[in-house]
Amino acid sequence: MESEMNYWLYKSEPNVYGIDDLKNEPTRTTCWEGVRNYQARNNLQAAKTGDLVFFYHSVVKPPAIAGIAKVVKEAYTDHFAFEPSHKYFDPKSNPEKPRWFMVDIEFVEKFDTPVTLETIKQEPALKEMVLLNNSRLSVQPVSAREWQFILELAKQ
DNA sequence: GCCAACGTTGGC
DNA sequence: GCCAACGTTGGC
């Protein structure tokens, strides 16, 4: 029985944390912390172990999908929200009733040729992508068709 | 650096 | 519950 596979797109500013940082982690994994938006959080919580993730570089020229990661640990409490000194501290989240969550992802692949936002915009097959229609959402779903189409572009 | 789009906050 | 004000994101 084949289990359901979901696809996602996670955005990050490479100046802060890029795909090379993930690749260079000793374990090649990291916790995807700091999501402080409810819609993005809900998408994080929907991730299952083994789901694949496009690693998108934003606020860089050119913005582009840089590669692939996979979910290796499903949503768990983002304890950074409890630490007042932390950048992502949220006084409204507490251990009894955590508001924010994170997942662990592992490096899979870095594209030789990143798939740029410009390329994505030019493809009619990708016009329904959340990336184009809700560009600020930092954790978003990708359909299986979109995933395959972008993979083809990355291999060209 | 600008600004459009979007989300959150808080007064009423 | 509405909405103005404000803050953030992110492409350009």
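Numbered from 1 within each chain, the chains take letters A, B, ... in sequence-line order.
The residue K11(A) sits close only to the backbone: its heavy atoms come under 4.0 Å of sugar-phosphate atoms, none of a base. No engagement by L137(A) is indicated, since no non-hydrogen atom pair under 4.0 Å with the nucleic acid exists. When heavy atoms are screened at a 4.0 angstrom cut-off, Q39(A) is found touching the sugar-phosphate backbone but no base atom.
dT9(C) atom P lies 15 Å from atom CD of Q140(A), rounded to whole Å. In this entry the distance linking CZ of R136(A) with P of dG11(C) reads 12 Å, nearest Å. In this entry the distance linking CG of N134(A) with C1' of dG10(C) reads 12 Å, nearest Å. Distance CG (N37(A)) to P (dG7(C)): 18 Å, rounded to an integer number of Å. Nucleotide dT8(B) holds its P atom 10 Å from the CZ atom of R99(A), rounded to whole Å.
Checking S58(A) against E13(A) by side-chain atom types alone, no donor-acceptor pair falls below 3.5 Å. Between the side chains of D51(A) and W8(A), at least one donor N or O sits under 3.5 Å from an acceptor N or O.
Taking the six-membered ring for Trp and the full ring otherwise, F54(A) and W147(A) have centroids separated by under 6.0 Å.
Contact of the M102(A) side chain with the H79(A) side chain is registered, since non-hydrogen atoms from C-beta on lie closer than 4.5 Å.
Within the 4.0 Å cut-off from OP1 or OP2 of dG11(C), at least one side-chain nitrogen or oxygen of Y56(A) is found.
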